[in-house]
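Some notes on the structure that comes next.
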Amino acid sequence: MRVVLIILAVLTATYAAKVVEISKEYQTSQKCKPCHMQIVKEWEHSWHSKSHYSKDEYFRATMEYVARKTRKSPNSVKVKCATCHNPRISVTSTNIEYEIKVLMKLDKGSKVNEAIDNKAISEGINCVVCHNIDKIYDDKDSSHRGMNRVSWTKSGTMVGPFDDAKSPYHKTEYRDFMDEKSEQLCFVCHANDKSSHGLVFTDMQSEYKKSDKNCVDCHMGPRISGAATTLRQENGEVKKRKIRTHGFSGAHMSDVLKNSLSLRLWHENSEIFIELENSLPHNVPSGFGSRELIIDITYKNATKEISKNSISLTRHYTRRGGKPTIAHLAKKASQDLSIPALDKKVLKVKKTPGAISVDVKVYYRLVNDEVRSILDLKDAIWSNKTLITSKNLKLN
Ligand code: HEC
Ligand code: HEC
Ligand code: HEC
Ligand code: HEC
Ligand code: HEC
């Protein structure tokens, strides 16, 4: 018995995420502004700054839906999602005692509620998430993500890409995952998200194909001349550095989507061929489960449209009994129809009698019809179709 207890204690000690409290002077991006204004502004426009539930309708609705369907308290689900969406939260799990407290309305003032309401985490993936990672544990099995895959530096030590940086406000330390091994940093969270039934519905790490470009080359842009801080050195000058932006543009930004796919059309006998080529090292759509590519085809005769066709490339999720659900509650997923990394996919459609040309338009949508309707999402950004590319093909 004793041996078992000791083994259990050791296991929990190595697997439970360790909380390191962040002192007030480093908690929010506001504190970095005096010396890193440009970076803070770029980050504020990124979706990393919206990864807290109060700033993302889709995330909030998903969380509430998961709580309702699994009969857990909303706060327990918040703590679970915080693993990646809010990894500096001061409570890393909840237990049955907490659930009972919630049922009896005795949870007010509890540690869990305080941790969730703490203003320090309202910024989501902010500066002290990435820049306070001390070590990334890639030796842990692939289900350990977010706060369960890292340990934190002491409050006030910022890790970065420079080995000779000095700051009067904080300590600095070099890390290779801020430099040539930055993929490791991204995969702390952008991998292996699982449903309550253990179905892995997104895993960028396994679909990823190594190429000459890293995640940061595209999502933080190339390294260009600039300065990491506006604070002047002793000689009165600003130190020149090679820097990147903190914009992290992705599927939520229409300008980036235009660089993802190229389109080729041809026809043979009674069929039209639509080839979509993905130049990225990850799938399109990728990341989160219910994204969608829409291919609209318009058939024309000499003067006008004669018919239309639309193809949806997305994934559908089902729970027990085959009923539609969201990715986080899924038992099963339909086939992955995304365009694979650095690869292409060819679709075939039939010609329409009388048509002498076709217009093909490829759009991206953040959330497909099914999940938007289950969650009753209101904001137009989830239903908008963003044009990626389009082409016309003559049929004679
Ligand atoms: C998602 C992770 C992430 C977040 C969040 C983040 N950074 Fe960074 N930061 C990086 C990476 C990666 C680099 C290294 C970029 C490179 O290759 O030069 C970096 C570089 C820097 C640098 C060095 C200059 C440069 O561009 O290389 C400073 C200073 C910095 N970050 C400050 C901040 C501040 C302030 C915030 C909050 C507003 C912040 N970072 C948020 C990942 C992050
Ligand atoms: C009083 C000014 C000041 C404040 C406030 C400040 N920094 Fe810095 N920071 C600096 C200076 C100076 C450097 C060194 C820049 C260089 O060497 O080019 C620096 C460097 C960095 C680096 C790069 C470290 C490396 O080794 O690569 C990071 C990351 C960073 N700061 C993050 C932050 C974060 C996050 C905050 C807010 C919590 C913050 N800083 C607040 C002045 C400041
Ligand atoms: C601590 C976890 C974490 C780390 C580390 C992290 N991310 Fe993220 N990232 C997220 C979460 C969570 C979101 C979704 C936020 C939302 O939509 O509410 C996100 C969103 C994004 C988006 C926006 C996607 C879109 O659909 O628009 C991009 C791009 C991105 N991350 C790239 C990166 C890159 C590149 C790195 C490595 C330098 C990185 N992230 C590191 C958690 C993380
Ligand atoms: C060659 C440039 C390039 C590289 C390298 C790259 N991306 Fe992307 N990424 C894009 C573009 C363009 C999009 C927009 C198209 C899309 O959403 O698929 C995107 C989309 C995304 C999204 C949103 C995906 C979705 O459909 O919801 C995330 C998250 C992301 N990238 C993270 C990463 C991470 C993490 C890495 C490294 C492992 C990485 N990217 C490497 C260019 C790149
Ligand atoms: C393993 C890390 C991880 C965990 C745990 C996690 N997420 Fe995420 N989540 C991410 C990343 C990374 C993204 C960004 C992917 C992208 O944009 O393509 C994301 C994006 C999302 C999005 C899309 C947001 C948008 O603006 O489009 C929703 C919704 C979401 N997560 C809900 C949840 C919920 C609810 C939970 C808890 C039940 C949860 N996530 C737990 C990593 C995680």
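We count ligands from 1, going down the list as the structure has it; atoms in each ligand are counted the same way. FYI, the numbering just counts along the sequence from 1.
Within ligand 4, counting atoms from 1 as listed, the ones closer than 4.0 Å to a heavy atom of R291 are 25 (C), 27 (O). The ligand atoms of ligand 5 that sit less than 4.0 angstrom from a heavy atom of M63 are 35 (C). Below 4.0 Å from some heavy atom of W382 lie the following atoms of ligand 5, by number and element: 25 (C), 26 (O), 27 (O). Near F187, meaning under 4.0 Å from one of its heavy atoms, ligand 4 places the atoms 38 (C). Distances below 4.0 Å separate heavy atoms of C218 from the following atoms of ligand 4: 1 (C), 2 (C), 3 (C), 4 (C), 5 (C), 42 (C), 43 (C). Atoms of ligand 5 lying under 4.0 Å from at least one heavy atom of T62, given by number and element, are 29 (C), 35 (C). The ligand atoms of ligand 4 that sit less than 4.0 angstrom from a heavy atom of C186 are 35 (C). Heavy-atom contacts of R145 reach the following atoms of ligand 5: 1 (C) (cutoff under 4.0 Å). Listed by atom number, the atoms of ligand 5 under 4.0 Å from H190 heavy atoms are 12 (C). Residue D56 has at least one heavy-atom neighbour below 4.0 Å for each of these atoms of ligand 5: 24 (C), 25 (C), 26 (O). Close contacts of ligand 5 with W47, meaning ligand atoms under 4.0 Å from a residue heavy atom, involve 26 (O).
Atom NZ of K385 has more than 12 heavy atoms from other residues, nucleotides or ligands within 6.0 Å. The number of heavy atoms from other shown groups lying within 6.0 Å of NZ (K50) is above 12. By the neighbour-count criterion of 12 heavy atoms within 6.0 Å, atom CD of E180 is densely surrounded, having more than that number from other residues, nucleotides or ligands. When the shell of 6.0 Å around NZ of K171 is examined, it contains 12 or fewer heavy atoms from other residues, nucleotides or ligands. Around the NZ atom of K135, the shell of radius 6.0 Å holds no more than 12 heavy atoms that belong to other residues, nucleotides or ligands. The local environment of NZ in K111 is sparse, with at most 12 non-hydrogen atoms from other residues, nucleotides or ligands closer than 6.0 Å.
The closest heavy-atom contact to atom 32 (C) of ligand 4, among the options Q184, E207, K210, M204, comes from M204. Around atom 33 (C) of ligand 5, the closest heavy atom drawn from E57, H48, H328, K72 belongs to H328. Comparing L185, L280, I388 by heavy-atom distance to atom 13 (C) of ligand 4, the nearest is L280. Of the listed residues (N214, V188, D255, V284), the one carrying the non-hydrogen atom nearest atom 18 (O) of ligand 4 is V284. The residue from H282, Q205, E292 that puts a heavy atom closest to atom 20 (C) of ligand 4 is H282. Counting heavy atoms only, V256 comes closest to atom 12 (C) of ligand 4 of the residues V256, L257, T202. The residue from A251, S338, S182, P285 that puts a heavy atom closest to atom 17 (O) of ligand 4 is A251.
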For this session: Show your working on salt bridge (charged side-chain N to carboxylate O under 4.0 Å, His left out) between K210 and E183 and close with a plain yes or no.
Result: CA-CA 10 Å; K210 193 105 184 95; E183 278 162 13; 3.1 Å; yes
Problem set entry | Verdict with supporting geometry, K345 and E275, salt bridge (charged side-chain N to carboxylate O under 4.0 Å, His left out) | CA-CA 6 Å; K345 189 167 244 167; E275 180 192 88; over 6 Å; no
Problem set entry | Residues Y169, E25; criterion side-chain contact (heavy atoms from CB on, under 4.5 Å); working and verdict | CA-CA 9 Å; Y169 191 71; E25 60 264 52; 3.3 Å; yes
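At least one heavy atom of V159 sits closer than 4.0 Å to an atom of ligand 2. Using a 4.0 Å cutoff on heavy atoms, L366 does not count as a contact of ligand 5. Contact analysis puts C189 in contact with ligand 5, with a non-hydrogen atom separation below 4.0 angstrom. Proximity of P161 to ligand 2 is established by a heavy-atom distance of less than 4.0 Å. Residue contacts with ligand 5 include D193, since one of its heavy atoms falls under 4.0 Å from the ligand.
Between R365 and D369 there is a salt bridge, since a side-chain N of the basic residue sits under 4.0 Å from a carboxylate O of the acidic one. Taking a cutoff of 4.0 Å between a charged side-chain nitrogen and a carboxylate oxygen, D141 and R149 do not qualify as a salt bridge. Ionic pairing of D107 and K101 is not present here: no N-O contact between side-chain nitrogen and carboxylate oxygen is shorter than 4.0 angstrom. Salt-bridge check for D193 with R145: failed, with every basic side-chain N at 4.0 Å or more from each acidic carboxylate O. Salt bridge absent: D134 and K154 never bring a charged side-chain N and a carboxylate O closer than 4.0 Å.
Placement of M220 and V188 in two distinct hydrophobic clusters is found when ILVMFWY residues are connected by side-chain heavy-atom separations under 4.5 Å, directly or transitively. The hydrophobic clustering, which links ILVMFWY residues whose side-chain heavy atoms are closer than 4.5 Å, places L342 and V216 apart. If you chain together hydrophobic residues whose side chains sit under 4.5 Å apart, Y137 and V19 never meet in one group.
At a cut-off of 2.8 Å, H219 coordinates atom 8 (Fe) of ligand 4 through an N, O or S atom. At a cut-off of 2.8 Å, C84 does not coordinate atom 8 (Fe) of ligand 5 through any N, O or S atom.
Here the protein contributes H36 NE2, H170 NE2 as N, O or S atoms under 2.8 Å from atom 8 (Fe) of ligand 2.
Without hydrogens or angle criteria, D379 side chain to W382 main chain gives no donor-acceptor distance under 3.5 Å.
Contact annotation: for A191 versus ligand 5, heavy atoms closer than 4.0 Å belong to the backbone alone. Contact annotation for Y53 and ligand 5: no heavy atom of the residue comes within less than 4.0 Å of the ligand. Using a 4.0 Å cut-off between heavy atoms, K50 makes no contact with ligand 5 at all. For C215, heavy-atom contacts with ligand 4 shorter than 4.0 Å involve the backbone as well as the side chain. Contact annotation: for K194 versus ligand 5, there are no heavy atoms closer than 4.0 Å.
Between V349 and I295 there is no side-chain heavy-atom pair separated by less than 4.5 Å.
The side-chain contact (heavy atoms from CB on, under 4.5 Å) with V128 is formed by just one residue from the set E123, M158, Q27; it is M158. Residue L265 forms a side-chain contact (heavy atoms from CB on, under 4.5 Å) with just one option from I297, I274, D359, N392, and that option is I274. Just one residue in the list V112, I116, N86, T94 forms a side-chain contact (heavy atoms from CB on, under 4.5 Å) with K78, and that residue is I116.
Considering backbone and side-chain N/O of S286, one or more are found under 3.5 Å from N/O of ligand 4. Taking only nitrogen or oxygen atoms, main chain and side chain alike, V128 does not reach within less than 3.5 Å of ligand 2. Residue contacts with ligand 2: Y26 is placed with no nitrogen or oxygen under 3.5 Å of a nitrogen or oxygen of the ligand (distance criterion only). The shortest N or O to N or O distance between Y208 and ligand 4 is not under 3.5 Å.
For F248 and W47, the gap between ring centers reaches or exceeds 6.0 Å.
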